[in-house]
Amino acid sequence: MKIGEIIKNYNLDVLSNKIKRDEKQIRIIFHFQNLYDELCKNLSFKDKLFKFFFKDSKLKFGIYLCGDVGRGKTYLINLFFDSLPFKNK
């Protein structure tokens with residue numbers, strides 16, 4: 001998939017009326033797009049994830065979204081995950 005894929009898929013869902021455009025979601029999508037772009041650079045997927053999540057071996061990182069019910073948290077995580085071009089996720 002190409003750089004900008006998450007933003008493109010979000011906009012397609014808005015245009016098809018699957019979801020309503022939400023400025024707070026768009027802010028999150030730009031963060032996900034930056035993470036996506038970093039993961040899609042030249043390193044192998046496993047190396048990228050290891051370096052991203054385990055920079056300090058004592059710390060573990062993940063993605064945590066909080067918000068009111070019905071704001072699209074699960075949708076955004078699924079959009080990010082489904083957009084990744086890797087076979088083994």
Identify, with sequence neighbours excluded, every residue that meets side chain to side chain donor-acceptor pair (under 3.5 Å) alongside [X].
| X | result |
| --- | --- |
| N78 | none |
| D13 | Y75 |
| K24 | none |

Query raised in the report: Is K73 reaching over with its side chain to a backbone N or O of Y64, donor-acceptor style, under 3.5 angstrom?
Result: no
Report summary line: When every non-hydrogen atom of I7 is compared with those of Q33, the smallest separation belongs to N-OE1, 3.2 Å
Report task. Compute whether any side-chain donor of one residue and acceptor of the other, for E5 and Y36, lie under 3.5 angstrom apart. Result ->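 Distance-only check fails for E5 and Y36.
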Query raised in the report: What's the verdict on side chain to side chain contact (heavy atoms under 4.5 Å, CB included) for R71 and D22, showing C-alpha distance, side-chain angles and the deciding distance?
Result: CA-CA 9 Å; R71 292 305 308 251; D22 183 296; 2.6 Å; yes
Requested in this report: Quick one: list whatever passes side chain to side chain contact (heavy atoms under 4.5 Å, CB included) with L12, sequence neighbours left out.
Outcome: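 For L12, the residues satisfying side chain to side chain contact (heavy atoms under 4.5 Å, CB included) (neighbours in sequence not counted) are K8, N9.
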Query raised in the report: Who are the side chain to side chain contact (heavy atoms under 4.5 Å, CB included) partners of I28, not counting sequence neighbours?
Result: F32, L65, L76
**Report entry** Interatomic spacing from CG in L79 to CD1 in I29 - rounded to 0.5 Å
**Finding:** 5.5 Å
Report summary line: Here the gap from R27 atom CZ to Q25 atom CD, rounded to the nearest 0.5 Å, amounts to 11.0 Å
Report task. Go through the steps for I6 and F30 under the test side chain to side chain contact (heavy atoms under 4.5 Å, CB included), then give the verdict. Result -> CA-CA 8 Å; I6 298 170; F30 278 104; over 6 Å; no
Query raised in the report: Quick one: are Y10 and I19 in side-chain contact, heavy atoms under 4.5 Å?
Result: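 The answer is yes; the side chains approach within 4.5 Å.
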